[in-house]
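Please read the structure below before turning to the comments.
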Amino acid sequence: MLDAIQFSSFAEFVDMGGYGFNVWSVYALFAVFVAVNLILPLRKKEKIIQQLKRRALIDAEIQSEESTDEQ
Amino acid sequence: MWVWFSKLGSPKWFYELSGKWLPWLIAAMVIFMTIGLVWGLLFLPPDYQQGFTSRILIVHVAVAGTSLAFFPLMFVAGTITLVWRMKLADMVAKNAAILGAWFSFITLATGSLWGSVMWGTWWEWTDSRLVSMLFQLFLLLGVISLRSALEDSETAAKACALLSIVGCINVVIIKYSVEWWNTLHQVSSPVSMGNDSPNGPEFWIATLIMIIAVYLFLSVSLILSTRNEILERERRSQWVQELVLKS
Amino acid sequence: MHDNHTTTSAAFWATLKRDLLIAFKKKNDVVNPFMFFIIVVSLFPIGISPESERLTEIAAGVIWISVLLASMLSMDSLYRSDYEDGSLEQLLLSPHPLFFLVLAKNISHWLVSGLPVVLVSPLLAYMLALPQEAYGTLVLSLLLGTPIMSLIGSIAVALTVGLGSRGLILAVITLPMSVPVLIFGTLAVQATLNSLSPVGYLSLMLVMLSVSISLAPLASAAALRISVN
Amino acid sequence: MHDNHTTTSAAFWATLKRDLLIAFKKKNDVVNPFMFFIIVVSLFPIGISPESERLTEIAAGVIWISVLLASMLSMDSLYRSDYEDGSLEQLLLSPHPLFFLVLAKNISHWLVSGLPVVLVSPLLAYMLALPQEAYGTLVLSLLLGTPIMSLIGSIAVALTVGLGSRGLILAVITLPMSVPVLIFGTLAVQATLNSLSPVGYLSLMLVMLSVSISLAPLASAAALRISVN
Amino acid sequence: MSSAAPNNHTESKNGETMLSARQLFCARDDRVLFKDLDFDLIEGQVLQVQGSNGSGKTTLMRILCGLNDNYEGSIKWYGQDIAEQAAGFFSSLLYIGHRVGVSKVLNPIENLRWSCSLLQAVSDEQIMNALKEVGLRGFEESPCYTLSAGQQQRVSLARLIISPARLWVLDEPFTTLDAKGVAQLENFLQSQAQSGGSVMVTTHHKLNIPQLNILSLG
Amino acid sequence: MSSAAPNNHTESKNGETMLSARQLFCARDDRVLFKDLDFDLIEGQVLQVQGSNGSGKTTLMRILCGLNDNYEGSIKWYGQDIAEQAAGFFSSLLYIGHRVGVSKVLNPIENLRWSCSLLQAVSDEQIMNALKEVGLRGFEESPCYTLSAGQQQRVSLARLIISPARLWVLDEPFTTLDAKGVAQLENFLQSQAQSGGSVMVTTHHKLNIPQLNILSLG
Ligand code: HEM
Ligand SMILES: Nc1ncnc2c1ncn2[C@@H]1O[C@H](COP(=O)(O)OP(=O)(O)OP(=O)(O)O)[C@@H](O)[C@H]1O
Ligand SMILES: Nc1ncnc2c1ncn2[C@@H]1O[C@H](COP(=O)(O)OP(=O)(O)OP(=O)(O)O)[C@@H](O)[C@H]1O
Ligand SMILES: [Mg+2]
Ligand SMILES: [Mg+2]
């Protein structure tokens, strides 16, 4: 199994037969791309829930005020 | 049919169902990604003529192939929005446009990173796939900016639906006309993409795994952002209120 | 009471007449695309190079792209004032099929803003030292191409009719869509220059034109209903 | 009662903030000029020729002309909505010198629509196979050139502020005026390509810029007073 | 909700039901404008839609004309869905909204020539008479951008005189009209009602029209 | 011509003359709108400009604010030409025209923040109070294109509460306001007059404000 690995040393692995920059930047790009499009939606969900909570409180406040205004 | 549709149309239903599916999808995505990446990076034997750069293609081809799926997707979503007035379809379409732009961009980027090795240039107008992908990106950005320009969300939904339908037809026309145009320039073209693509089964198996992984990633990301969209648009509805207060 | 209701064709002609009248009153709609076209084309000798050999190479492309821009930007005036003063609502509320009324508007708009540009193109072709033999093909391809762009543009305009300033977003939406037209148009001219027959390309454009005449107004009509909503 | 009246600088900042806020809310004012620029540039390889030798020759000119068009067309959004909703009248009725308020509006508009275009230009320079050594000059010349065009454009916009669709007429008025900028800009790039020093041209543009900053807003202010009348 | 319903019964003798709305529901964003809104519009009836600012009058009018379709409920034209009746409905509808549909470049005559020709064939002296009647004598030839706010509105009101439409839908037609104009318009509405047509109008004015029906929102 | 002149004498005790127009003449195209128009606007005065459609009310208002300069005659601000007084005049003028000056993209708060900051420094809770007072509670955050015609007008009217301007020039501020809104606005005008400021307003309504002065055109 392990001998199927194409690289005898880590340096070789990094170097990618001279194409290190391109190969690694492609994989880096890909990683960023995947991470961003998974993490941003998750973060956004938190934000939305926070906002909705705040909004709910404000509305409750408005309603109570209006009811007092009527009296 | 109708019952089924209206049921499927209901954001609440989708939110709950997708909630059930997400963990499995994510698990599958993680598995395929790791297999694909590890194999691609460590085990894939170097291509006889392209050396280790064939590792780029695994990612590139997967992303590129997937990015071709977006306009058909938006076409379907658009039709559903216009014909059946299904809110959910528009929520999907909105995020599909954005994600699609991402995919097209990554295709371009990885492609040109490969090109800089293969052709010694980062960009090549004489390759039809590059050009048509570029214009697919433009069309997607057009849809996105139309959405952001229109203030009323109802209007924006239908307008973008119509535009994506027209755009999808156009992408096809563009693709073919560009290819044709390109054949006339082949003579002078220094390279043509894909003629000397790495061969050998390992390469294509690795690519296949990556393609599956990328499709899984697409659906996960799309579902996540659609769920956010649902929360925002249905924020007044009973079930969202409860859900918010629970969390 | 229902006796003297108008036929659709009457409404079609009334709309066509009205739009031509308006265009004729505010001459800008007629003159500007024309002017713009000439000015943009004449920027290239300044910006790139005044030598006629260089110009010859780029002439066809420059003219076609400038036409593309001119007709895209002229679209801005279509539907706009109608939307602002409410005439568009009246149009939507008319008992006649919207397809024809929209078509009438598109036709009048092309007559006013597209045609003049096409007619002046040989002059600019000369200024850019395009070989004489290509004039015919150039004009023909433009005659076929500009209506297509107007029809496509009309959809985008109808979608953005509510926006204040939309010149740019129009271009952003429609320029990518008009790439096929650009390709075949320029290929046709190139073919003539290489003394090949441009008929193939031209007939392809003819097909595109007939398709878009029959479909685009439907899309525009739908778009109008959407955005007046 | 007169105690808490605002200083002119406060009004300046308030106006600048407001315009940036509006631009930020409708993102299109930021994205579209940028998009338009990229799309227009990428039409040329298709319309003229995809071969890099050809492209190299036309790169500088094409980029400059496209920037010219992008910034002219982006001007359309300046003052328009303010005029339509009456904010412009409020601006004219403010006790502060109009010069600064107009300047604030111009600055925010350039930051939003001019700067992004300049920043992306090297990318397109690469795609058009412009030799690397010219990038610096290109960006510099654009950095000096685009504000000039915005300032000139602002005058034309102020003059045409009453018109519904004016994308074209703006271009027709301002493109001829911006020919000098185009000339010096392209000359500067050409100089670098011929490994001469572009400093002369650039400093000339710097002079133009400082002159137009000090004069153009006055003209715009006057124009606004005229056309709101 | 709808205070119109009662009146309808008292009125219903003088004609059949033209337009009937049932269970109308409309919400903009997350605000419910109206729900379970029922009303009938009967031939020979003038129905004034009342309500505070933002109560949804304009929205309701546009929904009825099919200019706005995010609503729920049923709207029937002589008992049939408007979708089926489209031609019939639109050929007997005349709508004038916040935007009056008068092109600024054209002069009053040219404006009317077009806007009327969408519904019926009109002769020029019909138009001249109408313009004269709304007090635009002498302005027939001057382009509409030179007309004052009220004068432009009068141009659109001239259509009321010419058009054969059975159903008028007018959204705040009284704004910017002077006292004389208001009185005149009230007469138009009345005569339309008497001739068996019917009118739906929003305004914050207090109309003085005999047996006026009121539908009040929020 | 000007029925205001007499009242001015009776009023002139409660303050000095703020704005005085003499021999005003204006013709659009070839139509004479008004000529030899004289009137004084005195501190603590509410002056309603009346006239049929097209009589030149809007034109007059814009002339007074310096937004329109094709007129003849003299306009004085506390006895001096406005040209010399510009800073003083404009810093105590508040004009609201047919176009109310509310940006559709921004929400009411952001709108007021800017339009008020042109005249004076304002705090956010001043703005919030003003908005609440004109009945836009709950709409503070929603962009103005989602507001109805009347609600947008109310946003502009909120400036009346905040601004320190001594002179208000309002062109048809009542259109599209509902009954409550009208009553409220009339109160604003009154209190402005009592606080020694003065108001010039055009409307076709019949204002109920004690000792109202009327200037009627054509
Ligand atoms: C529609 C979009 C695209 C698809 C479907 C796509 C697909 C592929 C595939 C399948 C290959 C493997 C070789 C072959 O079998 O053809 C490939 C290779 C390649 N792609 Fe793409 N690609 C796309 C866009 C791009 C773009 C936008 C670029 C550059 C900016 C690019 C640059 C390359 C390069 C340089 C190669 C290597 C070609 C060779 O073997 O010499 N591709 N692409
Ligand atoms: N740009 C213009 N060119 C020529 N004439 C004009 C122009 N603008 C207005 N007028 C004329 O000036 C006259 C007065 O216009 P103005 O808007 O002041 O009337 P108004 O009193 O405000 O009427 P309303 O009560 O309808 O608002 C009108 O008869 C109109 O014909
Ligand atoms: N595009 C929109 N998006 C969201 N909400 C909107 C939109 N247009 C209108 N609304 C909301 O709909 C409500 C009703 O608007 P509408 O114009 O029908 O009121 P109206 O009764 O005509 O008021 P007015 O008497 O001021 O004309 C308003 O409260 C407004 O907030
Ligand atoms: Mg309304
Ligand atoms: Mg007026």
Side-chain angles (χ1 to χ4, degrees), chain C residues 1-30 77-102 104-105 108 112 161-162 221-222 224-229, chain E residues 59 61-71 85-107 109-123 126 143-145 152-153 155-156 159 162-167 169 171 195-197:
Chain C
M1 203 208 79
H2 274 250
D3 50 7
N4 65 351
H5 273 180
T6 39
T7 65
T8 299
S9 75
F12 175 90
W13 289 115
T15 311
L16 188 60
K17 270 214 221 77
R18 168 178 182 269
D19 278 23
L20 289 175
L21 183 62
I22 291 181
F24 171 79
K25 289 212 170 188
K26 39 201 258 280
K27 310 193 175 32
N28 283 343
D29 296 357
V30 191
S77 63
L78 179 62
Y79 303 129
R80 170 188 293 270
S81 52
D82 295 335
Y83 174 79
E84 281 165 357
D85 62 32
S87 310
L88 203 50
E89 290 170 350
Q90 299 300 331
L91 203 72
L92 294 184
L93 292 178
S94 87
H96 310 291
L98 201 50
F99 179 94
F100 294 104
L101 303 184
V102 166
K105 282 184 146 326
S108 90
V112 165
V161 80
L224 283 178
R225 291 202 185 285
I226 288 171
S227 45
V228 165
N229 198 325
Chain E
T59 311
M61 300 297 239
R62 294 178 67 83
I63 286 175
L64 292 179
C65 297
L67 286 175
N68 183 340
D69 61 2
N70 50 28
Y71 69 96
Q85 273 293 308
F89 174 70
F90 286 118
S91 61
S92 45
L93 166 72
L94 190 153
Y95 166 85
I96 299 179
H98 277 305
R99 300 212 191 87
V100 291
V102 170
S103 162
K104 295 234 186 307
V105 231
L106 300 179
N107 64 35
I109 300 177
E110 294 156 340
N111 265 305
L112 290 175
R113 224 179 257 146
W114 175 72
S115 50
C116 295
S117 73
L118 287 179
L119 268 190
Q120 101 236 62
V122 284
S123 71
Q126 264 177 300
C144 287
Y145 63 83
Q152 292 183 17
Q153 194 143 21
V155 176
S156 73
R159 293 177 57 200
I162 300 171
S163 116
R166 316 278 320 285
L167 170 61
V169 178
D171 192 1
S195 72

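Throughout, protein chains are lettered first and strands after them, A, B, ... in sequence-line order, and every chain is numbered starting at 1.
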Which atoms of [X] approach chain C - backbone, side chain, both or neither, heavy atom under 4.5 Å:
X: S115(E); value: neither
X: V105(E); value: both
X: L93(E); value: side chain

### Message
With a 4.5 angstrom heavy-atom cut-off, is it the side chain or the backbone of A10(C) that approaches chain E, or both, or neither?
### Response
neither
### Message
Counting only non-hydrogen atoms closer than 4.5 Å, does T15(C) touch chain E with its backbone (N, CA, C, O), its side chain (CB onward), both, or neither?
### Response
both
### Query
Ion pair present between R62(E) and E89(C), side-chain N to carboxylate O less than 4.0 angstrom?
yes
### Query
Under 4.5 Å between any side-chain heavy atoms of S92(E) and L167(E), yes or no?
no
### Query
In terms of heavy-atom pairs under 4.5 Å with chain C, which of I96(E), L94(E), L106(E) leads?
L106(E)
### Message
Using modelled atom types and a 3.5 Å cut-off, is there a donor and acceptor pairing between side-chain atoms of D82(C) and backbone atoms of S87(C)?
### Response
no
### Task
Report yes or no: does E110(E) contribute a side-chain atom to a donor-acceptor pair with the main-chain N or O of R18(C) at less than 3.5 Å?
no
### Task
Compare every heavy atom of Q120(E) with every heavy atom of P164(E), then report the nearest pair and how far apart it is.
CD-OE1, 3.3 Å
#### Entry: Contact winner vs chain E - L88(C), L21(C), L101(C), heavy-atom pairs under 4.5 Å
L21(C)
